Enquirer: 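Would you mind keeping the following structure in view while I ask a few things?
What's counted below: heavy atoms across the whole structure, side chains too, no hydrogens, waters or symmetry copies. Residue numbers begin at 1 in each chain, while the letters A, B, ... track the order of the sequences. Every value quoted in this text rests on a predicted model; they were computed, and no experiment measured them.
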Amino acid sequence: MELDVAILSRIQFAFTVSFHIIFPSITIGLATLIAIWEGLWLKTHNPYYLQLAKFWIKPFAITFGTGVVSGIVLSYEFGTNFSKFSELTGAVLGPLMAYEVLTAFFLEAGFLGVMLFGWQRVSPKMHFFSTIVVAIGTWISAFWIIVANSWMQTPAGHVIVDGKFEVASWFEVIFNPSMPYRFTHMLMASFITATFVVAGICAYYLLKKQHLNMAKKGLSMCMWIALILTPLQAFIGDMHGLNVKEHQPIKLAAMEGIWPAEEENVPLLLFALPDMEAEKNHAEIGIPNLGSLILTHSWDGAVQGLKSVPAEDRPNVPLVFWSFRVMVGIGFGMIGIALCALVLRRKNALYHNKPFLFLVSLFTPTGVIAVLAGWYVVEVGRQPWLVQGLVRTMDVVSPLPPERVLFSLTLFIVIYSLLFGVYLYFMRKLIKKGPPSMATLEQQLIGMKAPGYALAWVKTLNHSEQGEK
Amino acid sequence: MDLAFFYFLILGFAIFMYVLLDGFDLGIGILFPWFEEHHQKDHLMRSISHVWDGNETWLVFGGVILFAAFPEAYSTILSTFYLPIMLMLFALIFRGVAFEYRFKSDRSKPWWDFAFSAGSTVAAFCQGVILGAIVQGVPINAIELSSWIWLTPFSILTGFSVMAGYALLGACYLYMKSRDDMQQRASRYARTLLILILLFMLVVSLWTVVAQPEIRHRWFDGINFFLLSPLPVLSIALGYTTWVSLSNVNHESRPFWCVAGLFLLGFAGLVVSLFPYLIPRHLTFMDAAAPDSSLRFLLYGICIFVPLICGYTLWGYRVFSGKVEDYQEGY
């Protein structure tokens, strides 16, 4: 078989970026939750909040670490595998990513050390502050990378000079048409992902009758959060969808499996097997007119379909179509769980209903799966373009010998599979081990009472006295 | 001041900060196999586990500055050095996750020890090789040529030089962060490495001067050598000071700063040799510069955030100042 460097580079990028997003989508939300627990502990002195924070900080650390190392790869892969792309768009995307490093990466890294290891070295308030800064750092990081990605979806504010992109208005580049929707959608997705990870593990503990007090606290809190965030996310997702319809109609047509150049009375397809060759769907099951109603807010509104553009300008329809259904399906499952929790709570059965607890623990990884599926909709749906309507992916790949990319791709697959196995192994180990006991928490007093802090304090005093002399 | 030149300086600053900061923590990894006992290995890891992440961020910063300010250089250098860059990234992955997993492992601990030391060593070597290949001037558009064009006797030499240099920084850092037995060992290793690194600097300098006429002219034409002589003279002086202060425990942090100075001088020598090229005799920083609209936009960010970053990074180091032995901590 003839090896195609473009295909190999694309597979490699898709693989490495998919692997990477698993970790930030957990840490963005988890950092926020840890900050909330730490704050609640400082306010209420309820030790179970501290136990939650201290327990989750370990999974957080390994998730964050894996995210960091797999993220460094990405910042170099633009140049190694898509050299023409980075040369064409460097003036636009480069500064955005530089801002990400300046305002987020350094911030996270700078305060992460204190958050993880500084319990005994700084005051409780300073520690809390560090945790908050790490959480905010993850949001800022998400902001800039979504800005860069959104510009590739809905480019604005640029001019093309000698075939290369230059920026005419940074405001338009940053606040490009899809950015606000995509940023809120992703941030919410991370919060929800982390919420369900925490809820799932707490439900598991409740089923096993371990660490009951902490698990109850965690599950209850997460179900309240889910009750607010999951419906809100569905609403934001709907607005995002309308934005896609306006700016990337072909992507939307692929999401909904709409083939005719223009279709009225669009059904909402629950099941279908899109066929790119025959340019139609097989085995359709749908609800008549609901598609029109959702997309155009009118009973028989017309929607642009895939056949309005030539075949070479269409994305891989089955992949986009099904990824979208996976994401939405999980989303509705989560809303269902949040509602179930509300009902059970009223019956005082939230912590005892075994089928419910089992279901919640099954839902532990679904947030991650939904995030991945959502990103496949976004990224595959934009193809064959890398910058929507302006740069084709196949045209901007580095002219590397295919064997070289095959070599690195093979290594990535081997190493990342290993890494993922190890990650799951240690997650399991940490969960089996459970949170630090109350006795241990008492011993490792935090802040002023801790021996380490006292030592550091004395040293600082000595230092300043010497300074005065 | 010219914007492109400003970014040339910023790029230099980012690279130097990376070399200095990740240098010492990669160096700890390179020295790792020489410490056999478990508690010694724990000590080494604990001395840097709170800073490695921040230090590696400077590598990302260097990468994105190159991307943002000199897109053409970014795309050419990265695709030409595809293999060594990928190898470096793989190595950094292994050593990075080793920090997280080693302390949580029981049976698999020897594997994480290996991942940490091998990862650090390979990453350092790859960086040295890339540096050497750039200095030597790899034929551009070599992308299609042999995969091994970057691997020459000279680049292998620079690979080992960078490895030795990082190990020296690591030893000096350890000298600050430990007591008694560990400190004495650190001092012993540092002395050996100091001699090694001065030799490497000498050989690399002579080699470039002999092999590359342009660099020879830059250093020896007219009164140039007289003007540039402070670089070698100061290097020798700093080397001597390092040697002396390694036997005086009252100046625990002096060796580290002296070696940092030595690195700065070596880096300055490199800039003297290559200026104004980003890729020797092929692409200058002026030609590679991004349009003004991009450079100006990023300027604000750099002026505001780089000082802030330096501030809180310094604060982080102060929080964790002192000897590793004095604290029992984890998370």
Side-chain angles (χ1 to χ4, degrees), chain A residues 57-58 61-62 65-66 68-70 72-73 75-76 78-81 83-84 86-87 90-95 97-99 101-103 105-106 109-114 116-122 161 166-168 170 398-401 404 408 411 415 419 422 426 429-430 452 455-456 459, chain B residues 49-51 53-54 56-57 59-61 63-72 74-79 82-83 85-86 89-90 92-94 96-97 99-101 104-105 143-144 147 290-291 293-294 297-298 301-302 305-306 309 312-313 315-316 319-322 326-331:
Chain A
I57 208 164
K58 291 182 183 184
I62 61 175
T66 316
V68 168
V69 293
S70 59
I72 294 178
V73 171
S75 65
Y76 278 80
F78 293 111
T80 51
N81 292 73
S83 58
K84 287 185 196 162
S86 42
E87 208 181 318
V92 182
L93 297 180
M97 287 170 58
Y99 265 99
V101 179
L102 283 169
T103 57
F105 287 175
F106 276 115
F111 287 84
L112 184 75
V114 176
L116 296 183
F117 302 102
W119 291 96
Q120 300 172 30
R121 299 236 185 180
V122 294
V161 181
E166 287 189 18
V167 172
W170 278 103
S398 304
L400 292 159
R404 224 176 286 180
S408 59
L411 272 177
I415 293 174
L419 218 56
V422 169
F426 277 96
K429 191 170 171 175
L430 289 174
L455 195 67
K459 214 170 55 195
Chain B
S49 55
H50 55 285
V51 292
D53 180 18
E56 229 158 70
T57 307
L59 179 68
V60 182
F61 185 56
V64 294
I65 286 293
L66 196 63
F67 184 24
F70 309 106
E72 203 184 329
Y74 172 84
S75 64
T76 315
I77 292 174
L78 266 61
S79 54
Y82 189 82
L83 280 182
I85 285 176
M86 284 296 164
L89 293 173
F90 290 134
L92 288 176
I93 289 174
F94 277 114
V97 294
F99 281 102
E100 302 300 336
Y101 293 134
K104 298 178 181 73
S105 64
I143 203 168
E144 295 272 17
S147 312
S293 59
S294 302
F297 171 65
L298 187 55
I302 287 178
F305 289 102
V306 169
I309 290 165
Y312 62 65
T313 305
W315 168 76
V319 166
F320 289 96
S321 68
D326 297 345
Y327 296 92
Q328 273 298 326
E329 63 200 342
Y331 58 89

Enquirer: Which atoms of A/Phe111 are under 4.5 Å from chain B, going by heavy atoms: the side chain, the backbone, both sets, or neither?
Expert: side chain
Enquirer: If I compare all heavy atoms of A/Ala91 with all of B/Ser294, which pair ends up nearest, and what's the gap?
Expert: O-OG, 2.6 Å
Enquirer: Only pairs of heavy atoms separated by less than 4.5 Å count here; which of A/Gly65, A/Ser75, A/Ser70, A/Ala168 has the most with chain B?
Expert: A/Ser75
Enquirer: Give the minimum heavy-atom separation between A/Arg404 and B/Leu83, together with the two atoms involved.
Expert: CG-CG, 3.7 Å
Enquirer: Hey, do the aromatic rings of A/Tyr99 and B/Phe297 have their centres closer than 6.0 Å?
Expert: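 Between A/Tyr99 and B/Phe297, the centre distance is under 6.0 Å.
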Enquirer: Which answer fits A/Leu112, side chain, backbone, both or neither, if we ask what part of it has an atom under 4.5 Å from a heavy atom of chain B?
Expert: side chain
Enquirer: Which atom pair, heavy atoms only, marks the closest approach of A/Ala109 to B/Gly54?
Expert: CB-CA, 3.4 Å
Enquirer: I need the B/Leu89 CG to A/Ile415 CD1 distance, nearest 0.5 Å.
Expert: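 Reported value, rounded in 0.5 Å steps: 10.0 Å.
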Enquirer: Which atoms of B/Ile93 are under 4.5 Å from chain A, going by heavy atoms: the side chain, the backbone, both sets, or neither?
Expert: both
Enquirer: Test B/Glu100 against every option in A/Val69, A/Thr66, A/Ile62 by the side chain to side chain contact (heavy atoms under 4.5 Å, CB included) rule and name the one that passes.
Expert: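 Checked A/Val69, A/Thr66, A/Ile62 against B/Glu100; only one passes side chain to side chain contact (heavy atoms under 4.5 Å, CB included): A/Ile62.
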Enquirer: Is any side-chain heavy atom of A/Ile72 less than 4.5 Å from a side-chain heavy atom of B/Glu56?
Expert: yes
Enquirer: In Å and rounded to the nearest 0.5 Å, what is the CD1 to CG distance from B/Ile302 to A/Leu102?
Expert: 6.0 Å
Enquirer: Is it the side chain or the backbone of A/Leu93 that comes within 4.5 Å of chain B heavy atoms, both, or neither?
Expert: both
Enquirer: Any side-chain to backbone donor/acceptor pair from B/Ser293 onto A/Val167? Under 3.5 Å, distance only.
Expert: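 Answer holds: yes.
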Enquirer: Under 4.5 Å heavy-atom distance to chain B, tell me which part of A/Tyr76 shows up: side chain, backbone, both or neither.
Expert: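 Both parts, backbone and side chain.
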Enquirer: For the residue pair B/Phe61 and A/Phe106, does the interplanar ring angle fall in the parallel (under 30°), tilted (30 to 60°) or perpendicular (over 60°) class?
Expert: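 Ring orientation, 0 to 90° scale: perpendicular.
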Enquirer: For A/Ser86 versus B/Ser75, what's the shortest heavy-atom pair and its separation?
Expert: OG-CB, 3.5 Å
Enquirer: When only pairs under 4.5 Å are counted, which of B/Gly63, B/Pro291, B/Gly96, B/Ala69 shares the most heavy-atom pairs with chain A?
Expert: B/Pro291
Enquirer: What option among B/Gly316, B/Ser105, B/Ala290 has the most heavy-atom pairs under 4.5 Å with chain A?
Expert: B/Ser105
Enquirer: For the residue pair A/Ala98 and B/Ala68, what are the closest heavy atoms and their distance?
Expert: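 Heavy atoms only, the tightest pair is CB-CB, 4.4 Å.
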Enquirer: Are B/Val97 and A/Val422 packed together at the side-chain level, in the sense that at least one heavy-atom pair is separated by less than 4.5 angstrom?
Expert: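 They are not in contact (no side-chain heavy atoms under 4.5 Å apart), so the answer is no.
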Enquirer: At a heavy-atom distance under 4.5 Å, which candidate from B/Val51, B/Leu59, B/Ile77, B/Val306 has the highest pair count against chain A?
Expert: B/Leu59
Enquirer: Give a yes or no on whether the backbone of A/Phe426 and the side-chain of B/Lys104 come within a donor-acceptor separation of less than 3.5 Å.
Expert: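 No, the answer is negative, given that no donor and acceptor are paired below the 3.5 Å cut-off.
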Enquirer: Which bit of A/Val114 is near chain B, if near means a heavy-atom gap under 4.5 Å: side chain, backbone, both or neither?
Expert: both
Enquirer: Could you tell me which non-hydrogen atom of A/Phe117 sits nearest to which non-hydrogen atom of B/His50, and how far apart they are?
Expert: CD1-CB, 3.7 Å
Enquirer: Among B/Asp53, B/Thr57, B/Val60, B/Leu92, exactly one meets side chain to side chain contact (heavy atoms under 4.5 Å, CB included) together with A/Val68. Which residue is that?
Expert: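 Only match with A/Val68 under side chain to side chain contact (heavy atoms under 4.5 Å, CB included): B/Asp53.
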Enquirer: Given the rule in the side-chain contact (heavy atoms from CB on, under 4.5 Å) test, do B/Ile65 and A/Val101 qualify, once you have shown the distances and angles that lead to the verdict?
Expert: CA-CA 10 Å; B/Ile65 286 293; A/Val101 179; over 6 Å; no
Enquirer: Relative to chain A, which segment of B/Phe94 carries a heavy atom at a distance below 4.5 Å: side chain, backbone, both, or neither?
Expert: side chain
